[in-house]
Amino acid sequence: MQDWIYILNPSKDTLDAEPVGKETMRRLAHDAPKSEFWLSRPNHMNPGDRLWFYFGLPESVVAAVAEVDREPQGAADDPDFGYRVEATLLPGPTDALYRNPVRHRFFWRFAGRAVQGYCCGAVDVDC
């Protein structure tokens, strides 16, 4: 199992035709947890991997998490984002991150190990 950071910009990114912010992700985790997320490259994601959603605005935090359902698939209908990955937002951990988001300064300093060291410790998921 691997952890991936998925960067979102609430001022320009949308999900289900609405601006994507911490509140939107939390609501979707409860109301419609299965989603597709666009990727510019396929990466080597596998079912069971986790996507940690990093919001750059208005504060730099990780505030939602999803589990990858399927390997990324090609999406020929968008040349900028040629791949999609199906994932399920995890309501409990997303609620915990919403209440107590992991700040930018805690994980970027440690690169790949940071997600496991800080994000997993902040919510009730096994790392």
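Expressed to the nearest 0.5 Å, how far CG of D95 lies from CG of L89 amounts to 11.0 Å. In this structure, OG1 on T24 lies 10.0 Å from CG on L8, to the nearest 0.5 angstrom.
Residues satisfying the side chain to side chain donor-acceptor pair (under 3.5 Å) criterion with E36, sequence neighbours excluded, are R84. In this structure Y98 satisfies the ring pair (Phe, Tyr, Trp, His ring centres under 6.0 Å) test with no other residue, sequence neighbours excluded. In this view, E23 satisfies the side chain to side chain donor-acceptor pair (under 3.5 Å) rule with no residue, not counting sequence neighbours. In this structure, R99 has no side chain to side chain donor-acceptor pair (under 3.5 Å) partners at least two apart in sequence or on a different chain. In this view, A63 and K22, F55, V61, P101 satisfy the side-chain contact (heavy atoms from CB on, under 4.5 Å) rule, not counting sequence neighbours. Among residues two or more places apart in sequence or in another chain, the side chain to side chain donor-acceptor pair (under 3.5 Å) test is passed with N46 by none.
Between D69 and K34, the shortest heavy-atom contact is OD2-NZ, 3.7 Å. T94 approaches M25 most closely through the heavy-atom pair CG2-O, 4.3 Å. Across every non-hydrogen atom of H30 and P91, the tightest pair is CE1-CB, 3.7 Å. Of all heavy-atom pairs between P47 and R70, the closest is CG-CA, 4.2 Å. The two residues A29 and P33 make their nearest non-hydrogen contact at O-CB, 3.5 Å.
Using a 4.5 Å cut-off on side-chain heavy atoms (C-beta onward), V68 and Q2 make no contact. Considering only heavy atoms from C-beta on, L97 stays 4.5 Å or farther from F53 through its side chain. Side-chain contact between D3 and M1: present, with at least one pair of heavy atoms (C-beta onward) separated by less than 4.5 Å.
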Evaluation steps, side chain to side chain donor-acceptor pair (under 3.5 Å), between D49 and H44: CA-CA 10 Å; D49 286 358; H44 297 288; over 6 Å; no
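A donor-acceptor pair under 3.5 Å links the side-chain atoms of Y6 to the main chain of W38, judged by distance alone.
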